[in-house]
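Read through the structure below, which is laid out as structure tokens, and then see the notes.
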Amino acid sequence: MDKRYDAKAAEAKWYPIWENNGYFHAEPSEGGVPYSVVIPPPNVTGILHMGHALNQTIQDVLVRWRRMSGFNTLWLPGTDHAGIATQNVVEKALKKEGKRRQDLGREAFVARVWEWKKQYGGTIVHQQRMLGNSTDWKRERFTFDEGCSRAVAKVFTQLYNEGLIYKGNYIVNWCPRCGTALANDEVEHEPNHGHFWYIRYPVVGSAKGTQGEPYKDYVMVATTRPETLPGDTAVAVNPKDERYAHLLGKTVILPLTGREIPVIADDYVDREFGTGIVKITPAHDPNDFLVGKRHNLAEINIMNDDGSMNELAGAKYCGMDRWKCREAIVADLEAGGFLDHIEDLDNQVGHCYRCHEVVESRLSKQWFVKMKPLAEPAIEAVKSGEVRFVPDRWSKIYFNWMNNIQDWCISRQLWWGHRIPAYTCSKCGELIVSETAPTKCPKCGASSTDGQTVFDQDPDVLDTWFSSWLWPFSTMGWPEKTDDLDFYYPTTDLVTAQDIIFFWVARMMMAGIHFMKKPPFKNIVIHGIVRDAQGRKMSKSLGNSLDPLELIDTYSADALRFSLALITSLDCDTKVDKSKFEIGRNFATKIWNAARFMEMNREAMPQEGSGGEVGRFDGQTVFGQLSPDEQHILYACDLACRKVNDLLEKYRIQDGALAVYDFFWTQICDWFVEYAKDAPDKPRAFSILRDVYWKALRLLHPYMPFVTEEVAHQLGYLKDGETILKAEFPKGLSDEEKAKLGLTEEIYDFVNAKREAITALRALRAEYKVNPAAFVKVTIDARDAATADRLRAEEANLKAFMRAEAVEIVSDGADRAMPGTLTKLGTVYLSLEGLIDKAAEAKRVAAELEKTRGFIKSIDAKLSNENFVAHAPAAIVEGQKTKRAELVENVARLEKLAKLFA
RNA sequence: GGGCUAUUAGCUCAGUUGGUUAGAGCGCUUCCUUGACAUGGAAGAGGUCAGUAGUUCGAAUCUACUAUAGCCCACCA
């Protein structure tokens, strides 16, 4: 084996082998227990970021673990066509050529986007391979591919026929830059330092004023959006507001237009806010729209698609950009004497989640999905426990949103996306919703084939999420009946970040239940967002993003995955900075070096046919009674296997990583490898080392797939053509196996206590500045003769670990004029032959005495408390008593020592 | 305005049904280049668990309030 682990070479080598040999491929026909996951499809325009890296590391850990555990495991990959995002990307490219999409025309533009997708759309799926994702690439899907498109058309048609899709003239959020409607949750509200303009609306019938004041009586209206003034069709006051009661029924003059508009009363108006008088612009404000509906007001849409003003805004403003128009209107109001004053105001302004343009509320004709009927069973599924959120607290947020759900605006004025399957008969005007283009009008009977009529398809496309919400079943072949759907639906786990619970998770729940009659997954695993070291969201504009590909280049994919797993917690966001990834890289190095150690000691391995009875390790049979250290490592290995399985079962990816890390590094490398170097029976020790190392490799594989595969082959655990991916994930040993090997908690504790003695001796060496290379004389005063005998059997081991020329083991409890440290196994003395710093030692002993006495005091307080004895469980009380006895014994020893050093 | 979450060592976080005098990694200090590994080894310092009041025999853990931070939802014109 090379001195250094070449991660790049290993990662480049293994991925294609895995993929090309179909190790990731899942087949329903192979039967067994299904475990399935669909990937949250990244945008086809996307490039891999830390969020993907975290999300997919979690999924791959779960998937590889399940696969190795014998489940028929499917992880289904794919990408999202990402309507607005993709269209924007291609439009930008066109702009560089000096063209707009309109110059190409719809068909050519869409063709161009497909062309773009073909050329660049594979970027992210190649980057996902760099991460090591074990996704079944043979099933890769795209939300806009033929099958998904068929599912979309079918779903739209069905919902329409069920009366759950309707078309209407409503206020929607409109992005002037993208030129499309947005759903409510696609609008991001951000704080804004703006102004509040106070405008006087003259009351009709009041007397003329002096110069510059055409009217004496005004109503004072405060607005943040003066440019919408030409669209006003009323001013409103609260019906209970006595200040303005006299105005009801009157009309006021809309400044700059001269139009008369009524003063109306509506509960919506807050008496306390502003002046208590609101201008009502039904076509440009969602609340005003509702007020307008209640009062039968006209709706005057004064804006064009691109955010410029139209002719209804008045000849002067027509064609002006909305911001220019704001300036112009404010100037004109001032010139006309209508502007009273301006105040600063902090409010919230909506921005497009895609391009960040300020969103306009605007009246337009759009398609909507009625959500309430779909939401109810989706709420029930989580309430009943059929579907579970991990961590559970997200269910509260889910309920909160689902209970207040609003209809979903699904039409988008884009060209890239699923065209709405709605057609209008040019002859009779009938609206026909149909999965495929109609040829005959169901109303007037006119046929398109003989030219009697033409069926015009709705120009709009559907919201991207309208295809994503079908992802768990459209990707498995729905609406066809398929084996995949039969076997893998519903999926087992859905793993995603918190930010798309509403966009995606909630809607998948609704679609799954409505169309498949079963929720699309059993567990919804929600993880946090990756943030920078200061806790800020990673973003391009802040320049604080870490590039996973760069990290893979520097530290390796295994390092990236392991470090992310180790530092991430499902309960909160993950803060990362570059240095964190050293953990994973260092760990890979450690694994490699431990492997090299075994490789270099190949001759120490038991030879074929050496035969034996006690235990079987990796097919090699060994002789003889296992030593305590050997039993300890086997016991620790068993604990680790159980722990990792248990933790992964609970989605505690981080704790699982820590458990493997600790077992590998502390138990195997720090202790057992050192033991093996001087083991009494080297073939047996190495045989055991080989066994636990192989188990550790498999425990680690879900986290670090590449280095584990590479090492497994280097060490000959696997032959060519085999893969660790399909190796069995270690479970715990059976009670029978444990009994046969003599693996007991007692022996485990004994070795831990022995290690404590070794550590204590090392501490003494460090404290007294003994040359690390020097061999010392050690005396251990065990508590009793039996323990002394036991320790004597460990003499060689103690000598090696303590770097001692002699280890004397006694149980006489005699005072020794040497520095000593108390451990569970008694007192460890280091012979310094006169070099003792009595004062320092006395101080140390005094400190320990004080600590121990304090401990005893706190236990006494408990034991003398009648309530404690009466209420606490017996085991706890007994434990306290045992502990106390030990402490008392220690105090006696310490007091003796203190006398010696006095 | 409503909801959720967090506050434990210098930093990032564990601490899952309340029960030894609170743990890990990184960082820091001291020592060590002995053939697996300096991307390493050994030892060590460092915390009155945000605050207050309660419940309890017993609280980092449960309750209330307070402070601070963050997130989500919501139409304050």
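Reckoned from all heavy atoms, side chains included, excluding hydrogens, waters and symmetry mates. Numbers restart at 1 for each chain; the letters A, B, ... are given by sequence-line order, proteins then strands.
Across B:A74 and B:G3, the matching P atoms stand 15 Å from one another, rounded to whole Å. B:G15 and B:A59 are spaced 14 Å apart, taking the C1' atom of each and rounding to whole Å.
In the interface, the side chain of A:Lys862 is not paired with the base of B:C57 through any donor and acceptor atom under 3.5 Å apart.
Heavy atoms of A:Arg765 sit nowhere under 4.0 angstrom from any nucleic acid atom. Counting any heavy atom pair closer than 4.0 Å across all strands shown, A:Arg585 reaches a base atom. If you check every strand for non-hydrogen atoms under 4.0 Å, A:Lys279 touches nothing. Looking at heavy-atom distances under 4.0 Å, A:Lys396 makes contact with sugar-phosphate atoms alone, never a base. At the heavy-atom level, A:Thr759 lies under 4.0 Å from the strands shown only through sugar-phosphate atoms. At the heavy-atom level, A:Asp655 lies under 4.0 Å from base atoms of the strands shown. Residue contacts for A:Lys650: at a heavy-atom cut-off of 4.0 Å it reaches no nucleic acid atom on any strand shown. Note on A:Glu866: nothing from the nucleic acid sits closer than 4.0 angstrom, heavy atoms only. Residue contacts shown for A:Ala763 are limited to sugar-phosphate atoms, with no base heavy atom under 4.0 Å away. Residue-level contact check: A:Phe587 touches neither bases nor backbone, having no heavy atom under 4.0 Å from any strand.
Phosphate contact (OP1/OP2 of B:G58, side-chain N/O of A:Asn867, threshold under 4.0 Å): absent.
A donor-acceptor contact closer than 3.5 angstrom links the side chains of A:Thr281 and A:Lys279. Checking A:Asn593 against A:Tyr5 by side-chain atom types alone, no donor-acceptor pair falls below 3.5 Å. A:Ser579 and A:Asp577 share a donor-acceptor pair across their side chains, judged by distance under 3.5 Å alone.
Seen from the ring of A:Phe775, A:Arg803 counts as a face-on cation partner, given the 6.0 Å and 45° thresholds.
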